[in-house]
Structure formats: structure tokens, C-alpha cells
Trainee: 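Pasting a structure below so you can have a look.
Proteins come first, then strands; the chains are lettered A, B, ... in the order of their sequence lines, and each starts at number 1.
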Number of protein chains: 2
Amino acid sequence: MSIQQLNELYMNIYHQLRFTYQDKLTHQAVRILQTIRMEEKVHVSRIAAALGVSHNTASEHVKRLIQKGYILKQRDAADERKVYLQLTERGTTTVKQHTELDEGKLAVVMQSLSLEDQETIQAGFRLLEKQARKCFSS
Amino acid sequence: MSIQQLNELYMNIYHQLRFTYQDKLTHQAVRILQTIRMEEKVHVSRIAAALGVSHNTASEHVKRLIQKGYILKQRDAADERKVYLQLTERGTTTVKQHTELDEGKLAVVMQSLSLEDQETIQAGFRLLEKQARKCFSS
DNA sequence: CAATTATATCGCAATATACGATATAATTAA
DNA sequence: TTAATTATATCGTATATTGCGATATAATTG
């Protein structure tokens with residue numbers, strides 16, 4: 001099996017199992033929530049870098065997400081000029097819908113497979129994730 | 001292993017192996033290219049439905065993507081009022097970057113694993129993709 | 001103490017997005 | 001054959017999103 005074929009399988013899995021109903025969240029809002037979810041101690045400057053925008057733009061985006069209840073600000077004890085951002089419950093729920101598989105669908109699929117097949121899938125995912133982190137984690 | 005844990009593995013795989021450099025494509029443009037890539041014979045009306053916008057808005061979006069060289073229009077022989085959309089080479093390359101894993105990264109990871117582990121990963125992906133299609137393909 | 005850093009706010013401008021109205025052409029129904 | 005419906009395209013208009021320079025405040029560093 002080629003790398004392309006494996007990639008296509010990955011893509012098809014997402015296509016079949018993704019959430020189909022999603023809140024109307026702006027493009028940059030999704031990207032910000034994703035960054036906060038995937039990383040630790042995300043400061044406003046990190047958001048600016050991740051989006052490729054100026055710090056003032058990042059600050060504005062962050063302000064709006066706070067107003068809408070998706071994130072909270074915490075002052076960083078190590079440097080009180082800095083704030084880091086945390087997802088609220090609402091933010092977490094929303095970013096999951098834009099990022100992850102629909103767990104209801106995933107459950108349906110897994111429950112319709114034999115235990116042996118389930119274990120193969122789990123093992124495959126575990127192996128790939130672990131090695132990917134080993135090769136590319138920053 | 002729970003469904004949530006499996007989902008998190010899936011998400012982490014994407015996070016580690018995604019493309020990091022991407023063209024500046026608008027949000028709706030990405031969604032349109034993705035729809036065209038994943039489905040067959042995509043008409044303008046399908047784009048309107050997929051985006052949740054009116055047909056005139058969809059037509060405008062499509063026009064812009066054609067002008068930028070990402071897609072082409074083909075008149076549908078079965079009903080000449082209809083046109084269906086196809087990705088150009090440029091469109092395909094671009095939508096892959098917004099959707100798929102970076103194949104260079106995926107290759108690095110796979111090549112650093114044993115043949116046995118590679119086969120487990122491939123088997124897992126194949127099983128999940130096949131069952132997902134079986135359960136949810138429209 | 002002065003300079004630098006991190007974030008926040010404000011005013012302004014460009015781009016993205018959406019829709020109603022209208023038009024043209026193809027298809028279907030009467 | 002004609003009228004009605006369907007699929008898409010175009011135009012004018014309006015709102016939302018996005019981005020930045022200038023400025024300000026406060027914390028940290030030299």
C-alpha cells in the first residue's frame with residue numbers, strides 16, 4: 001500500500017465520520033480555538049504567530065471569542081504582562097465539532113466490527129500517533 | 001480503549017502530520033474545493049446546499065474559483081442547463097493541502113516503523129474506512 | 001531610570017460573504 | 001405549441017470579517 005493510498009483512507013475516514021452540523025463560527029475563530037486546544041499555555045503572541053497576523057489583530061480576535069464565551073483569559077504567574085487562554089465548556093464543544101470525528105458515528109462503526117478488528121484499528125492508531133509525535137512533536 | 005481516546009488519537013495524528021504551509025484561500029473556497037473533491041458530478045446547486053447559501057451566491061463563488069484557475073465547468077450532457085465542476089491540477093494540489101496529511105511527513109513516520117507495524121496501521125485504516133463507508137455512505 | 005516587551009484599544013480600510021432582483025436558456029407539463 | 005418550472009449567471013447593494021498603524025498601559029529587563 002502506498003503513502004497516497006494510506007492518505008486517501010485517512011481522508012475518507014474523516015469524510016464519512018465528521019460532524020455535519022456545525023455552528024457558524026468564523027474561519028479565524030476556528031483556527032484560534034484549535035490552537036488553544038492543541039497546545040499548552042497559549043499566549044496572545046502565539047495566536048498572532050499561528051494566524052500569521054499582527055499582535056493587535058490577534059488581541060481583537062481573542063477579545064471577541066471571550067465576549068462570545070468560547071475562551072477565558074488567565075494571567076500568567078511567570079510574567080504578569082502575559083495572559084494565556086483557556087477554552088470554556090462551550091469553546092471545547094465547538095472546537096471538537098470542527099476538528100474531530102463524530103463520536104456517535106465512530107461508536108456505530110466500531111460496534112459493528114469484531115473485537116479482533118477493533119483491536120487492529122486501535123493498535124494501528126496508537127502506533128501511528130506515537131511515532132508521529134516521536135518524529136514531529138515540537 | 002474508549003471512543004474518546006480513539007478520537008483523540010485521530011486528532012493528534014492530524015495535528016502532527018498536517019501541512020503547515022498553506023495558500024491563502026478563503027474559507028468558503030476551501031469548502032467548495034473539498035466538496036468537489038469528495039463527491040461526483042457536483043453541480044452549482046450542490047455547492048449552494050453544501051455551503052447553506054442561495055444559488056446565486058454559490059454561482060458567484062464558483063465563478064471566482066474558475067477565474068483563479070482552481071476549477072473548471074463542464075456542461076452536463078444529461079441536462080444542459082446544469083454544469084458540473086471539476087478540480088484543475090492547481091485546485092487538486094491546493095485542496096489536498098487543506099485536507100490531507102503531508103505525505104512527506106507520513107512517509108518519514110512509516111519508514112521509521114517495522115514492516116509489521118506498518119501492516120497493522122494499514123490494516124486498521126482499511127478496516128475503519130471500509131466499515132465507515134458501509135455505515136454512512138450516501 | 002530607560003528601554004523593551006506583552007497586551008489592549010481605537011479608527012480606518014480592504015476583502016469576504018450573502019442576497020434580492022433580473023436575465024437567459026433548457027427542460028417539463030399542459 | 002405554449003406556459004411553467006428549473007438551473008445557472010449577472011448585477012447592485014449591504015453586512016460581516018479581517019487586518020493594520022497608531023497609541024496606551026503595565027510588567028519586565030538592562
Side-chain angles (χ1 to χ4, degrees), chain A residues 21-36 39-87 91 94-95 98, chain B residues 21-36 39-88 91 94-95 97-98:
Chain A
Y21 167 72
Q22 290 171 6
D23 280 343
K24 299 284 180 171
L25 210 50
T26 70
H27 180 46
Q28 296 292 57
V30 172
R31 293 175 74 195
I32 292 167
L33 295 183
Q34 284 171 340
T35 301
I36 296 168
E39 301 179 15
E40 311 247 4
K41 283 280 182 92
V42 178
H43 300 111
V44 175
S45 53
R46 174 67 192 119
I47 297 294
L51 296 190
V53 299
S54 62
H55 65 266
N56 36 13
T57 300
S59 185
E60 295 272 356
H61 280 301
V62 164
K63 180 167 82 172
R64 282 191 289 270
L65 285 175
I66 289 164
Q67 285 168 350
K68 290 177 184 169
Y70 291 114
I71 59 177
L72 295 171
K73 253 193 310 198
Q74 305 269 25
R75 190 113 336 237
D76 191 338
D79 179 345
E80 299 209 334
R81 296 172 300 185
K82 295 189 174 190
V83 291
Y84 63 91
L85 308 165
Q86 295 199 306
L87 294 172
T94 300
V95 71
H98 284 83
Chain B
Y21 167 71
Q22 290 171 5
D23 279 343
K24 298 283 180 169
L25 210 49
T26 70
H27 180 49
Q28 296 292 57
V30 172
R31 293 175 75 196
I32 292 168
L33 295 183
Q34 284 172 340
T35 301
I36 296 169
E39 301 180 14
E40 311 246 4
K41 283 280 181 88
V42 178
H43 299 111
V44 175
S45 52
R46 174 67 192 120
I47 297 294
L51 297 190
V53 299
S54 62
H55 65 267
N56 36 12
T57 301
S59 185
E60 295 273 358
H61 280 300
V62 164
K63 180 167 80 172
R64 282 190 291 267
L65 286 175
I66 288 165
Q67 286 169 349
K68 289 176 184 169
Y70 291 113
I71 59 176
L72 294 170
K73 255 194 309 198
Q74 306 268 28
R75 192 115 331 243
D76 190 338
D79 179 345
E80 299 208 338
R81 296 173 303 185
K82 294 188 173 191
V83 292
Y84 63 89
L85 308 164
Q86 294 197 309
L87 295 172
T88 59
T94 300
V95 72
Q97 289 180 4
H98 284 86

Trainee: Nearest whole angstrom, please: distance from the P of D:dT28 to the NZ of A:K82.
Mentor: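 From A:K82 NZ to D:dT28 P: 11 Å.
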
Trainee: Side chain of B:E60 only, heavy atoms from C-beta on: which candidate in D:dC11, C:dT17, C:dT4 is closest?
Mentor: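 For the B:E60 side chain, the nearest candidate turns out to be D:dC11.
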
Trainee: Starting at the 5' end of DNA chain D and moving along, which residue's nearest nucleotide shows up first, B:V83 or A:H27?
Mentor: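 Result: B:V83.
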
Trainee: Rounded to the Å, how far apart are A:D76 CG and D:dT28 C1'?
Mentor: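 The answer, rounded to whole Å, is 13 Å.
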
Trainee: Using a heavy-atom cut-off of 4.0 Å across all strands, would you classify B:S59 as base, sugar-phosphate, or nothing?
Mentor: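 Contact class for B:S59: base.
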
Trainee: Return yes if a side-chain donor-acceptor contact under 3.5 Å exists between A:Q28 and A:R31, otherwise no.
Mentor: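 There is such a pair between these side chains.
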
Trainee: Return whichever of B:H43 or A:L51 has its heavy-atom-nearest nucleotide of DNA chain D closer to the 5' end.
Mentor: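 Result of the comparison: B:H43.
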
Trainee: Starting at atom NE2 of B:H55, determine the distance to atom C1' of C:dA26, rounded to an integer number of angstrom.
Mentor: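 Distance check: B:H55 NE2 to C:dA26 C1' gives 15 Å.
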
Trainee: Starting from C1' on D:dG19, measure out to NE2 on A:H61 and report it in whole angstrom.
Mentor: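 It works out to 7 Å between those atoms.
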
Trainee: Using atom CD of A:E80 as one end and atom C1' of D:dT25 as the other, report the distance to the nearest whole Å.
Mentor: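 A:E80 atom CD is separated from D:dT25 atom C1' by 14 Å.
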
Trainee: Classify the ring geometry between A:H43 and A:Y84 as parallel (under 30°), tilted (30 to 60°) or perpendicular (over 60°).
Mentor: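 It falls in the perpendicular class, over 60°.
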
Trainee: Would you classify B:V62 as touching base, sugar-phosphate or nothing, given that sugar-phosphate means primed atoms plus P, OP1 and OP2, and contacts are heavy atoms under 4.0 Å?
Mentor: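 No contact.
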
Trainee: Could you check which of C:dA26, C:dT7, C:dA18 has an atom nearest any side-chain atom of B:D79?
Mentor: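 The answer is C:dA26, which lies nearest to the side chain.
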
Trainee: Nearest-nucleotide wise, let me know which of A:K63 and A:R81 is further upstream toward the 5' end of DNA chain C.
Mentor: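 It is A:R81, whose closest nucleotide lies nearer the 5' terminus.
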
Trainee: What distance do A:I32 atom CD1 and A:Y70 atom OH have between them, rounded to the nearest 0.5 Å?
Mentor: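 Between atom CD1 of A:I32 and atom OH of A:Y70 there are 12.0 Å.
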
Trainee: Please report the distance, rounded to the nearest Å, between NZ in A:K73 and P in C:dA6.
Mentor: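 Those two atoms, NZ and P, are 16 Å apart.
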
Trainee: Could you check how far CD1 of A:I47 sits from P of C:dT7, rounded to whole Å?
Mentor: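 Distance check: A:I47 CD1 to C:dT7 P gives 10 Å.
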
Trainee: Could you tell me how far apart A:R64 (CZ) and C:dC10 (P) are, to the nearest whole angstrom?
Mentor: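 Going from A:R64 (CZ) to C:dC10 (P), I get 13 Å.
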
Trainee: Between the base of D:dG19 and the side chain of A:N56, is one N or O donor paired with an acceptor at under 3.5 angstrom?
Mentor: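 Answer is no: no donor-acceptor pair is held.
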
Trainee: From B:I66 CD1 over to B:I71 CD1, what is the distance, rounded to the nearest 0.5 angstrom?
Mentor: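 Those atoms lie 4.5 Å apart.
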
Trainee: Check whether any side-chain nitrogen or oxygen of A:T26 sits under 4.0 Å from OP1 or OP2 of D:dT17, and answer yes or no.
Mentor: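 Looking at the OP1 and OP2 atoms of D:dT17, neither is under 4.0 Å from any side-chain N or O of A:T26.
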
Trainee: Using OP1 and OP2 only, check whether a side-chain N or O of A:S54 sits under 4.0 Å from D:dG19.
Mentor: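 A:S54 to D:dG19 OP1/OP2: no side-chain N or O under 4.0 Å.
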
Trainee: Which residue in the set B:I47, B:L33, B:L72, B:L65 passes side chain to side chain contact (heavy atoms under 4.5 Å, CB included) when paired with B:L85?
Mentor: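 Between B:L85 and the candidates, side chain to side chain contact (heavy atoms under 4.5 Å, CB included) is satisfied uniquely by B:I47.
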
